Amino acid sequence: MSDNTQQNKRTTAVCPGSFDPVTMGHVDIITRAARSFDHVTVLVTANPNKKGLFSVEERMELIRRSVDCDNVSVDAWSDLLVKYTDEHNIDCLVKGLRSSLDYEYELPMAQMNKRLSGIDTYFLLTDEKYGYTSSSLVKEVVRFGGDVSDLLPEPVSKAIAEKFG
């Protein structure tokens, strides 16, 4: 590829996840991806076998209110991820890794996605201050009255407090 072609190539990335709810760890990964790619779509994926705390629409709105980047959009998808990337001309996937356990979980999916569509997955290491944070753990702590507001964007902290009233 010539230097001019390289300079004109726009890169679009997808950050997929359930985001139930979006945490500061997620926001960190999304924001860093937004600095590296021309456009990033945060893709809320729905698992029909799991009932989330927040509806897909609520999650999408919480992400919009929590991420302040002009080149980030939010969408939802409940089918095979590579179908979305193919249909929307996405160049790559971006995933955050907290530990080697995340890597062990994500690697086979990245390899399968590459096999199915040729799409690459970029892994970003989570900031160490969020290395132990997960949506599931945050929900459990809040459910039992613990304060994790520093691990959640303000709109999410308010919304989750309302859910557990």
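Owing to the predicted nature of the structure, the values given are computational and were not obtained by experimental measurement.
When side chains are defined from C-beta on, V14 does not count as touching V40, because their heavy atoms never get closer than 4.5 Å. Between F164 and L53, some side-chain heavy-atom pair lies under the 4.5 Å cut-off. Proximity of V94 to F123: side-chain heavy atoms (C-beta onward) are nowhere separated by under 4.5 Å. Proximity of S66 to V156: side-chain heavy atoms (C-beta onward) are separated by under 4.5 Å at one or more points. Two residues are said to be in side-chain contact when any heavy atoms from C-beta on lie closer than 4.5 Å; T41 and H88 fail this criterion.
Salt-bridge annotation for R64 and E61: present, with a side-chain N of the basic residue lying under 4.0 Å from a carboxylate O of the acidic one. With respect to R32 and D127, no salt bridge is recorded, no charged nitrogen being found less than 4.0 Å from a carboxylate O.
Considering SG of C15 and CD1 of I63, their distance stands at 10.0 Å, rounded to 0.5 Å. Atom OG1 of T85 sits about 4.0 Å away from atom CD1 of I119, to the nearest 0.5 Å. Atom-to-atom distance recorded for Y130:OH and H26:NE2 is 12.5 Å, nearest 0.5 angstrom. The CE atom of M24 lies 10.5 Å from the CD1 atom of I30; values are rounded to the nearest 0.5 Å. The distance from atom CG of L81 to atom OG1 of T45, rounded to the nearest 0.5 Å, is 8.0 Å. Taking CG from L62 and CD from E154, the interatomic distance works out to 12.0 Å, rounded to the nearest 0.5 Å.
Under a hydrophobic-cluster definition in which Ile, Leu, Val, Met, Phe, Trp and Tyr are linked whenever side-chain heavy atoms come within less than 4.5 Å, directly or via other members, L125 and Y103 are assigned to the same cluster. Tracing side-chain contacts under 4.5 Å through hydrophobic residues (I, L, V, M, F, W, Y), one never reaches L93 starting from L107; they form parts of separate clusters. A chain of hydrophobic side-chain contacts below 4.5 Å, direct or via other Ile, Leu, Val, Met, Phe, Trp or Tyr residues, connects V82 to I90.
Listed by chain and number, the residues in a salt bridge (charged side-chain N to carboxylate O under 4.0 Å, His left out) with E87 amount to none (sequence neighbours excluded). With sequence neighbours excluded, the residues satisfying side-chain hydrogen bond (donor to acceptor under 3.5 Å, both in side chains) with D102 are R98.
Within the 3.5 Å criterion, the main-chain N or O of C92 finds no donor-acceptor partner in the side chain of D120.
Side chain to side chain, H39 and S73 meet the donor-acceptor criterion of an N or O pair below 3.5 Å. Side chains of S149 and D147: a donor-acceptor N/O pair is present below 3.5 angstrom, by distance only. At a cut-off of 3.5 Å, with distance as the only test, no side-chain donor of D20 or S135 sits close to an acceptor on the other residue.
Remark: aromatic rings of F19 and F54 are distant, center separation not under 6.0 Å.
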